[in-house]
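Below is one structure, written out as structure tokens; the observations come after it.
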Amino acid sequence: MIASVSKMAQIIDLFFESESALSNKQIAEMLGLPVSSAHHFLKTMCKENILMQDKDRKYRLGWRILEWSNKVMYQQEMNEKVAPIAASLVNRYKGSVHVGMFDNGQVRFIFKSVSPHSDVLPTYIGVTRFPAHATSIGKVLLAYNPSFVKAVEHHGMEKFTENTITDIADLKVELKEIYKQGFAVSKGENETGTFGIAAPIKSYSGQVIAALNFVCDINYVQEHNYQLILNEVIRSAQAISREIGYITI
């Protein structure tokens, strides 16, 4: 079953990597499959409207691909709705704003905005992952979704700096406090010299689906009013919750 899913994904990739229309024989040759095996996959994919055949009996991407792509387009809407809120934060304070979601023990960023006066952190949307136990976003997601903690235990709690929490019991104590106060901080726990403040982003049902953080140099927080930045992070996360609260996981 897994091999079949993998093979169908490879077939879909062919239409993005080469021609928009391919014959059974071409697909078989590209994937190193017998023509009969390729035909079996193509027939199934046509039945599910993933592919379709044109008048020349060549295969093209079907309507279901378009439907799926529309579902993924929430990322564009996220950018449109989150960007103004994040801009207000980075324009007032010197740092970076991220929106992240939990991904098997780690945090994957889905949005980023950087102050023009801040050093750019090496993070990339959809690609960069950080350990949940050592980041402000990750700790918020863990605090509001206790079932996620198992994945962190499975991956292990790597020590990145002297401030990294590496004991699961200590982490659980902090998560209870985060849940109670409604925000999390990371004081040089993933990278020395950085300070992160994160607050939850909630769905319409109150489920925490993501988190927003503000990351800056640890000295910058000390020089400015920590409480003002914290209040702005919480306000921004609440505003995003109202804008994209329909998303569920």
Side-chain angles (χ1 to χ4, degrees), residues 78-102 106-123 125 128-145 148 163-165 171 174-204 206-245 247 249:
M78 160 109 32
N79 289 336
E80 293 174 352
K81 293 180 180 296
V82 175
I85 297 171
S88 175
L89 189 52
V90 296
N91 287 338
R92 289 186 62 185
Y93 303 104
K94 184 180 178 181
S96 301
V97 169
H98 301 90
V99 174
M101 300 183 76
F102 191 79
Q106 298 177 306
V107 172
R108 186 190 291 268
F109 295 128
I110 60 174
F111 179 88
K112 177 181 179 179
S113 181
V114 183
S115 168
H117 307 296
S118 174
D119 294 332
V120 178
L121 294 175
T123 53
I125 304 304
T128 301
R129 299 182 188 184
F130 281 111
H133 71 283
T135 59
S136 56
I137 284 181
K139 290 192 289 184
V140 164
L141 297 173
L142 292 171
Y144 286 88
N145 299 279
F148 290 171
N163 295 334
T164 306
I165 299 174
L171 178 63
E174 181 166 347
L175 295 180
K176 288 182 180 179
E177 183 62 25
I178 291 169
Y179 183 86
K180 180 180 178 180
Q181 65 190 16
F183 65 90
V185 298
S186 175
K187 301 177 182 178
E189 296 172 33
N190 183 49
E191 292 184 11
T192 303
T194 61
F195 189 94
I197 306 173
I201 295 173
K202 300 180 180 181
S203 71
Y204 66 92
Q207 180 186 17
V208 174
I209 57 172
L212 172 140
N213 78 350
F214 179 82
V215 181
C216 61
D217 185 279
I218 195 166
N219 294 321
Y220 181 77
V221 174
Q222 294 172 350
E223 293 171 0
H224 291 73
N225 193 313
Y226 162 77
Q227 192 62 47
L228 285 177
I229 297 176
L230 171 62
N231 291 342
E232 187 68 14
V233 168
I234 294 174
R235 185 200 67 76
S236 298
Q238 291 173 342
I240 293 172
S241 296
R242 290 191 294 269
E243 291 291 340
I244 62 170
I247 301 175
I249 56 173

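Predicted model only: the values in this text are computed from it and were never measured. One is the number of the first residue; the rest follow in order along the sequence.
The shortest distance between side-chain heavy atoms of N145 and F102 does not fall below 4.5 Å.
Residue L212 holds its CG atom at 6.5 Å from CD1 of I137, rounded to the nearest 0.5 Å. Between the OG1 atom of T194 and the CD1 atom of I218 there is a distance of 7.5 Å, given to the nearest 0.5 Å. In this structure, the separation between OG on S186 and CG on N163 is 8.5 Å, given to the nearest 0.5 Å. Atom OG of residue S236 and atom CD1 of residue I197 lie 11.0 Å apart, to the nearest 0.5 angstrom. Atom CZ of F195 is separated from atom OG of S136 by 9.0 Å, given to the nearest 0.5 angstrom. Expressed to the nearest 0.5 Å, how far CZ of F130 lies from CG of N213 amounts to 10.0 Å.
The side chain to side chain contact (heavy atoms under 4.5 Å, CB included) check on A210 picks up V99, M101, I201, with sequence neighbours excluded. Considering only residues two or more places apart in sequence or on other chains, E174 meets the side-chain hydrogen bond (donor to acceptor under 3.5 Å, both in side chains) condition with K139. Residues meeting the ring pair (Phe, Tyr, Trp, His ring centres under 6.0 Å) test with Y144, sequence neighbours left out: Y179. Applying the side-chain hydrogen bond (donor to acceptor under 3.5 Å, both in side chains) test to T135 and every residue at least two apart in sequence or in another chain returns nothing.
Here the closest heavy-atom approach between residue G100 and residue L141 is recorded as O-CD1, 4.0 Å. Taking all atoms of both residues into account, the shortest heavy-atom contact from V107 to A132 is CG2-CA, 4.1 Å. Between S203 and I209, the shortest heavy-atom distance links the atoms CB-CG2, 4.0 Å. A184 and I178 get closest at one heavy-atom pair: CB-CD1, 3.6 Å. Annotation for P200 and A237: closest pair O-CB, 3.4 Å, computed over non-hydrogen atoms.
Residue pairs satisfying the salt bridge (charged side-chain N to carboxylate O under 4.0 Å, His left out) criterion with at least one member in residues 209-218, sequence neighbours excluded, are absent.
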**OP:** Apply side-chain contact (heavy atoms from CB on, under 4.5 Å) to the pair L171 and L142, showing each step before the final yes or no.
**Re:** CA-CA 10 Å; L171 178 63; L142 292 171; 4.3 Å; yes
Original post:
Going through the checks in order, is the side-chain contact (heavy atoms from CB on, under 4.5 Å) test met by R242 and Q238?
Top reply: CA-CA 6 Å; R242 290 191 294 269; Q238 291 173 342; 4.1 Å; yes
What pairs of donor and acceptor atoms, side-chain ones from residues 226-233 against any protein atom, are under 3.5 angstrom apart with sequence neighbours left out?
unit_1, atom_1, unit_2, atom_2, d
Q227, NE2, N231, OD1, 3.0
N231, ND2, Q227, O, 3.3
E232, OE1, R92, NH1, 3.1
E232, OE2, R235, NE, 3.4
E232, OE2, R235, NH2, 2.9

